[in-house]
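We count ligands from 1, going down the list as the structure has it; atoms in each ligand are counted the same way.
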Amino acid sequence: MASKFVNGVSDFAKSRVELHIHLDGAIRPSTILEFAKKRGVRLPADTERELHGCLSYGEPSSLTKFLEYFSLYMPAIAGDRNAIRRVAYELVADKVQQGVVYLEARYSPQLLANAEVTPVPWGQRGGDLTPDEVVSLVNQGFREGEKEFGITVRSILCCMRHMPDWSPEVLRLCLKYRDAGVVAIDLAGDESLVAEAGGPHRTAFLEAVRDGVHRTVHAGEVGSSKVVEEAVDVLRAERIGHGYHTLEDPELYARLLKANMHFEICPWSSYLTGACLSGEKEADFSKHPVVRFHKDKANFSINTDDPLIFDSTLATDYKILRKYGGFTDSDFMELNLNAARAGFLAEPDKKQLLQRLYKEYGMEQDTIL
Ligand SMILES: O=c1[nH]cnc2c1ncn2[C@@H]1O[C@H](CO)[C@@H](O)[C@H]1O
């Protein structure tokens, strides 16, 4: 799939920071299979290889069609305590393999629950796993992974654009678990269907500002620059998830460059969701917005987004930038340092992370700080 674009290109394998990955878009096919069998959930295939083939794709589609893939496998995981702890732990294990030293992973607590959520997602029967307990289970999985693998992991809780009624609870969980690894609130979902953030989303984000909860918003992925403008001016986002279509509004773009806004860029994802380079069969990533961002010295990170469905790893995205954007090792170091600075880690931990990166990149920190 992705490999046809980047065969033979070398990778940047030093310590990396990843800020934009969906926990529920990053599950191992083997784990989906295992829990589906245990729970009697039907899947589109019953070997790991075939299943992975069914749950992923490699040609450009749309955000709406991409989001439908979740329904193929989420019934195997949602509502199961062991499954949820496992997928969190395994994400850490997988990311260590990809050289990640700091990870922020996001998910919707409601989409993994089967109690105290209306409607109960994925056609599940109601049960007794609440969004609150989901967060606690994910935290446990991440803490186990951190301990085992020696990296730092934090989480971001997603509000869903089409489910404004869930947002007050998402904010409550951000506050309840702020000392247990939850660092921010996000707004995810299909901005091609729901571009304007409804009242409860706005209220949750403004309360987040008031209560010191960090904020990132999916905006300008497939939606227009207006969605980005709303994210910044109304929802008070500190980072933008994707943000490619910011470029349609030069004034807004100039303002965000000046404000050093951080863009969470997901190159391979953006091709497959039709967010960028749409209509191109042989994608020419030299025309991707990330190349412009790079030229303009914008503040951005490189992320996989949903590596299960996009059949990718961080290497896929790094190789694309190396091949089509001319990114060098020092560019990769710089963007990872920018990612660490834009991370929602508490200040002392962030300082430690930056020191770790300087050391591993062989940089004299005195000359950089
Ligand atoms: O690229 C994306 N854009 C918008 N929403 C997304 C994307 N990837 C995943 N999700 C949505 O976020 C939820 C919580 O993790 C996922 O269940 C999916 O619905």
Measuring from non-hydrogen atoms of S269 to any atom of ligand 1, is the shortest distance under 4.0 Å? no
So which protein heavy atom does atom 5 (N) of ligand 1 come closest to, and at what separation? G189 N, 3.0 Å
Just let me know how M74 lines up against ligand 1, side chain, backbone, both or neither, with a heavy-atom cut-off below 4.0 Å. neither
Is the distance from the ring center of F149 to that of Y89 below 6.0 Å? yes
For ligand 1, which atoms have a heavy atom of L111 less than 4.0 angstrom away? 17 (O)
So the atoms of ligand 1 within less than 4.0 Å of a heavy atom of H242 turn out to be 1 (O)
Suppose we call two aromatic rings close when their centres sit under 6.0 Å apart. Are H262 and H20 close by that rule? no
Is there a polar contact, in the sense of an N or O pair closer than 3.5 Å, between D24 and ligand 1? yes
What atoms in ligand 1 come closer than 4.0 Å to a heavy atom of S108? 14 (C)
Checking R16 against Y318: charged group under 6.0 Å from the ring centre and within 45 degrees of the axis? yes
If the plane angle is over 60° it's perpendicular, under 30° parallel, otherwise tilted; pick one for H218 and H242. tilted
Do I302 and L335 come close enough that some side-chain heavy atom pair is under 4.5 Å? yes
Less than 6.0 Å separating the ring centroids of F300 and F263? no
Check ion pair R322-D329 (N to O, under 4.0 angstrom): yes
Do me a favour and list the nearest non-hydrogen protein atom to atom 18 (C) of ligand 1 with residue, atom name and distance? L67 CD2, 3.7 Å
Are T216 and E264 close enough, and set up right, to give a side-chain hydrogen bond (donor to acceptor under 3.5 Å, both in side chains), and what steps lead you there? CA-CA 9 Å; T216 178; E264 304 158 357; 2.9 Å; yes
Suppose we call two aromatic rings close when their centres sit under 6.0 Å apart. Are F66 and F70 close by that rule? yes
Does L23 approach ligand 1 within less than 4.0 angstrom via side chain, backbone, both or neither, non-hydrogen atoms only? neither
Just jot down the ligand 1 atoms closer than 4.0 angstrom to any heavy atom of A188, in number order. 5 (N), 12 (O)
Distance filter under 4.0 Å to D306 heavy atoms, resulting ligand 1 atoms: 7 (C), 8 (N), 9 (C)
I need the contact type for L63 against ligand 1. Using non-hydrogen atoms and a strict under-4.0 Å cut-off, is it side chain, backbone, both or neither? side chain
Show which residues join V194 in its hydrophobic cluster (side-chain heavy-atom contacts under 4.5 Å, direct or indirect), or state none. L193
Does any N or O atom in C158 lie less than 3.5 angstrom from one in ligand 1, N or O only? no
4.0 Å heavy-atom contact, E191 with ligand 1: no
Quick one: look up the protein heavy atom nearest atom 10 (N) of ligand 1 and list residue, atom name and how far away it is. H22 CE1, 3.4 Å
Which protein heavy atom lies closest to atom 19 (O) of ligand 1, and at what distance to 0.1 Å? M160 CE, 3.5 Å
Pair Y102 and F344, ring centroids less than 6.0 Å apart: no
Test of understanding: with ring pair (Phe, Tyr, Trp, His ring centres under 6.0 Å), list the residues that count as partners of Y271, not counting sequence neighbours. F5, W268, F285
Can you confirm, on distance only, whether ligand 1 has an N/O atom lying under 3.5 Å from any N/O atom belonging to E221? yes
So if I count the atoms of ligand 1 from 1 in the order they appear, which ones are less than 4.0 Å from some heavy atom of Y107? 15 (O)
Heavy-atom gap G25 to ligand 1 smaller than 4.0 Å: no
With a 4.0 Å heavy-atom cut-off (strictly under), which part of T273 contacts ligand 1: side chain, backbone, both or neither? neither
